[in-house]
Colleague: 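Starting off with a structure, shown below.
This structure is a prediction, so every number in the text was calculated from the model and none was measured. Start at 1 and go down the list; that is how both ligands and their atoms are numbered.
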Amino acid sequence: MCGIIGAIAKANVVPVLLEGLQRLEYRGYDSAGLVFTDYGLKRLRTAGRVHQLCKLVEQENAQGFAGIAHTRWATHGKPSEQNAHPHFSGGESRIAVVHNGIIENHESIRTFLKNHGYQFSSETDSEVIAHLIAFKLKEIPDFFKAVCLAVAELQGAYAIAVMEEAHPERIIVARHGAPLILGIGKDGNYVASDVSALLQVTRDVIYLEEGDIAELSNHSFHIVNCLHDQLGEPVNRIIHESHLSNEEIGLGSYAHYMQKEIFEQPSAVANTLEMISNTQSITPNLFGSEAGKIFLNTKQILILACGTSYHAGLVARYWLEKVAGIPCNVEIASEYRYRNPVSDPATLVVAISQSGETADTLAAMNYAKKLGHTYSLAICNVPESALIRQADLRFLTRAGPEIGVASTKAFTTQLASLLLLTITLAKMRHRLPAHDERQLILTLRHLPNALKQALKVEPLVKNWAQNFAQKRHALFLGRGVHYPIAMEGALKLKEISYIHAEAYAAGELKHGPLALIDDEMPVVAIAPSNQLLDKLKSNLQEVQARGGELYVFADADSQITPSEHLHVIRLTEYAGLLSPILHTIPLQLLAYHVALVKGTDVDKPRNLAKAVTVE
Ligand code: M6R
């Protein structure tokens with residue numbers, strides 16, 4: 001979602017702002033802009049991509065010692081230059097604001113400010129922030145305090161960076177519900193929505209916390225927290241050294257981040273499972289020092305997540321119920337947070353999120369706590385994320401930065417972690433004798449290699465891509481634990497190739513979707529050699545009998561013979577519990593290659609954002 005980068009230094013910062021915006025592009029956006037100091041605050045904006053902004057910067061020969069910049073993902077008002085950030089409030093001393101998040105009470109603030117003579121030039125919720133600060137500045141002639149007072153009136157989620165024309169020697173930033181990170185440099189100070197935008201200038205970073213407001217100059221910074229005092233109490237925040245490597249955030253020899261991330265899955269999973277590389281037994285401590293005690297009292301699991309992470313939860317339900325014998329519910333976070341579910345203190349809430357900043361997942365986890373669920377566990381890929389900080393227990397997937405909007409390696413590492421959770425709970429519930437535990441650990445250790453094998457089907461999958469690229473719809477079928485994998489395959493295809501794709505539990509076909517089958521509707525089936533294979537084969541015959549075109553991902557030993565309208569790609573032999581993880585790979589590759597044929601923007605599909613930090 002929106003990205004913020006700000007810089008104040010002893011040298012021209014405009015190149016830093018542009019490089020930062022480029023590194024934030026993956027978050028998803030539709031317009032971009034910046035202000036920089038140039039005898040006042042000068043603004044450049046475009047309703048296009050960052051490279052178009054770069055051209056404007058070049059034309060204007062833009063240079064300045066301080067500036068704030070932004071990529072906007074439209075929520076209030078269409079993508080246009082007028083709605084692009086930074087937003088100004090005019091008057092004697094202009095104020096410029098960039099904002100990530102949503103100001104929920106923007107309408108009442110807008111009305112109030114209009115009644116006081118402020119004129120609005122955009123449709124955005126964000127513009128109210130600039131005018132509100134200007135209004136407060138009239139009450140209290142101190143820019144920092146004016147920002148504190150304005151922020152105290154905002155409801156919703158925000159990360160903001162603000163500059164004042166009269167005092168361009170400082171940038172004020174504030175965080176509430178959306179990530180913001182300070183970069184502490186030798187010759188300047190910086191701020192960004194994520195670390196990758198800061199690495200060009202510094203590795204020393206501070207993760208701002210909820211309610212923090214900071215002032216940056218080119219040689220100093222100070223932070224206050226405003227949760228309990230509108231004007232803030234000074235706080236010390238730890239400076240972390242970021243170990244993120246340029247290799248991790250660069251493309252290397254790959255054409256797209258999604259391609260890179262698909263092929264990184266063996267190492268991402270190996271890193272995530274590193275702790276079991278030398279052990280024959282798993283301890284609950286993997287999930288936090290309190291996990292043993294908490295798991296002992298856990299009678300049920302409630303998984304909350306969105307999108308791909310939700311699919312990981314759906315797979316885990318099968319494992320948790322089958323192997324650990326523990327009841328498990330999985331809910332879409334955005335639905336759960338507005339229901340009136342019956343709470344149970346003995347239910348462990350498991351929130352799954354790649355980014356750890358997904359607004360719905362965070363809100364759902366906190367809502368569950370409010371309802372009376374005692375403990376929460378976060379499974380997440382970003383160490384300093386809000387989700388990790390707010391949960392009682394945590395497990396970090398070690399996928400490395402995932403930059404492609406379509407989630408790939410985050411998903412398979414989430415599944416690996418959820419298998420670890422399953423083994424841990426199964427063991428604690430006396431459902432897993434030591435011998436079986438050792439076997440399962442061995443199986444898990446084999447996963448990175450099995451993923452390497454699965455990736456070898458790429459050339460075969462690529463051959464199918466041409467056929468799909470001509471279609472407008474596709475159906476994905478799976479049964480049992482592979483049904484959520486079919487859902488994940490459909491999600492991948494629709495999000496990057498814009499082909500409408502639906503997933504069905506294959507047994508549901510005849511209850512409706514069979515009516516859709518004709519030669520224009522490719523049907524993808526996930527057909528592992530498990531106990532449901534014969535049932536699935538019957539479902540496939542139902543499709544064939546109606547002239548459907550079948551694309552089947554089978555295991556090596558499944559007796560599915562290809563024919564004119566039945567295409568088959570075989571993976572290795574049935575992989576037991578690992579099977580859903582391995583069957584994910586060809587579906588990711590299929591989506592990727594179809595998108596390539598269609599020529600869509602694979603890493604930044606239209607309308608989507610990487611971290612969905614607003615509702
Ligand atoms: O960061 P999260 O895992 O919480 O994100 C949840 C979804 O927004 C995300 O999985 C989304 O569905 C992906 N774009 C799917 O590829």
Colleague: Under 4.0 Å from a heavy atom of Lys492: which atoms of ligand 1 are those, numbered in the order shown and with their elements?
Modeller: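 Answer for ligand 1: 15 (C), 16 (O).
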Colleague: Using the six-membered ring wherever Trp is involved, compare the ring planes of His373 and Tyr336 and label them parallel, tilted or perpendicular (cut-offs 30° and 60°).
Modeller: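 Answer is tilted, since the angle falls between 30° and 60°.
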Colleague: Is the distance from the ring center of His240 to that of Tyr207 below 6.0 Å?
Modeller: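 Centroid distance His240-Tyr207: below 6.0 Å, so yes.
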Colleague: Show me which atoms of ligand 1 lie under 4.0 Å from any heavy atom of Ser353.
Modeller: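 Matching atoms, with element in brackets: 1 (O), 2 (P), 3 (O), 4 (O).
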Colleague: Could you say whether the N/O atoms of Ala609 and ligand 1 ever approach to under 3.5 Å?
Modeller: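 By distance alone, the answer is no.
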Colleague: With side-chain hydrogen bond (donor to acceptor under 3.5 Å, both in side chains) as the test, would you mind laying out the steps for Gln265 and Thr408 before giving the verdict?
Modeller: CA-CA 8 Å; Gln265 288 179 104; Thr408 52; 5.1 Å; no
Colleague: Are Lys369 and Asp392 close enough for a salt bridge, meaning some N to O gap below 4.0 Å?
Modeller: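 Yes.
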Colleague: Counting from 1, what ligand 1 atoms have a heavy atom of Ser309 closer than 4.0 Å?
Modeller: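 The atoms of ligand 1 under 4.0 Å from a heavy atom of Ser309 are 2 (P), 3 (O), 10 (O).
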Colleague: Do His593 and Asn463 pass the side-chain hydrogen bond (donor to acceptor under 3.5 Å, both in side chains) test, and can you show the C-alpha distance, the side-chain angles, and the key distance before you say yes or no?
Modeller: CA-CA 9 Å; His593 284 287; Asn463 288 341; over 6 Å; no
Colleague: Do ligand 1 and Ser407 have nitrogen or oxygen atoms that lie under 3.5 Å from each other?
Modeller: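 Yes.
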Colleague: Inspect the contact between Glu402 and Lys409 and indicate whether a charged nitrogen and a carboxylate oxygen are less than 4.0 angstrom apart.
Modeller: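 Here Lys409 does not pair with Glu402 in a salt bridge, since their nearest N and O are not under 4.0 Å apart.
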Colleague: Considering Gly307, Cys306, Ser355 one by one, which has a heavy atom nearer to atom 6 (C) of ligand 1 than any of the others?
Modeller: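 Considering heavy atoms of Gly307, Cys306, Ser355, the nearest to atom 6 (C) of ligand 1 sits in Cys306.
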Colleague: Any idea which protein heavy atom is nearest atom 8 (O) of ligand 1, and the distance to it?
Modeller: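 Residue, atom and distance for the closest contact: Val612 CG2, 3.9 Å.
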Colleague: Under 4.0 Å from a heavy atom of Ala406: which atoms of ligand 1 are those, numbered in the order shown and with their elements?
Modeller: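 What qualifies from ligand 1 is 16 (O).
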Colleague: What's the shortest distance from atom 16 (O) of ligand 1 to any protein heavy atom, and which residue and atom give it?
Modeller: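 It is Glu495 OE2, 2.3 Å.
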Colleague: I need the contact type for Lys610 against ligand 1. Using non-hydrogen atoms and a strict under-4.0 Å cut-off, is it side chain, backbone, both or neither?
Modeller: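 The answer is neither.
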Colleague: Nearest protein heavy-atom contact for atom 10 (O) of ligand 1: which residue, which atom, what distance?
Modeller: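 Atom 10 (O) of ligand 1 sits closest to the protein heavy atom Thr308 N, 3.0 Å.
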Colleague: Any carboxylate oxygen within less than 4.0 angstrom of a Lys/Arg side-chain nitrogen, looking at Arg389 and Glu210?
Modeller: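 Between Glu210 and Arg389 there is no salt bridge, as every charged N stays at least 4.0 Å from the carboxylate O atoms.
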Colleague: Walk me through whether Tyr26 and Asp194 qualify under side-chain hydrogen bond (donor to acceptor under 3.5 Å, both in side chains).
Modeller: CA-CA 11 Å; Tyr26 80 95; Asp194 87 40; 2.3 Å; yes
Colleague: Among all the protein's non-hydrogen atoms, which is closest to atom 4 (O) of ligand 1, and how far away is it?
Modeller: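 Protein heavy atom with the smallest distance to atom 4 (O) of ligand 1: Thr358 OG1, 2.4 Å.
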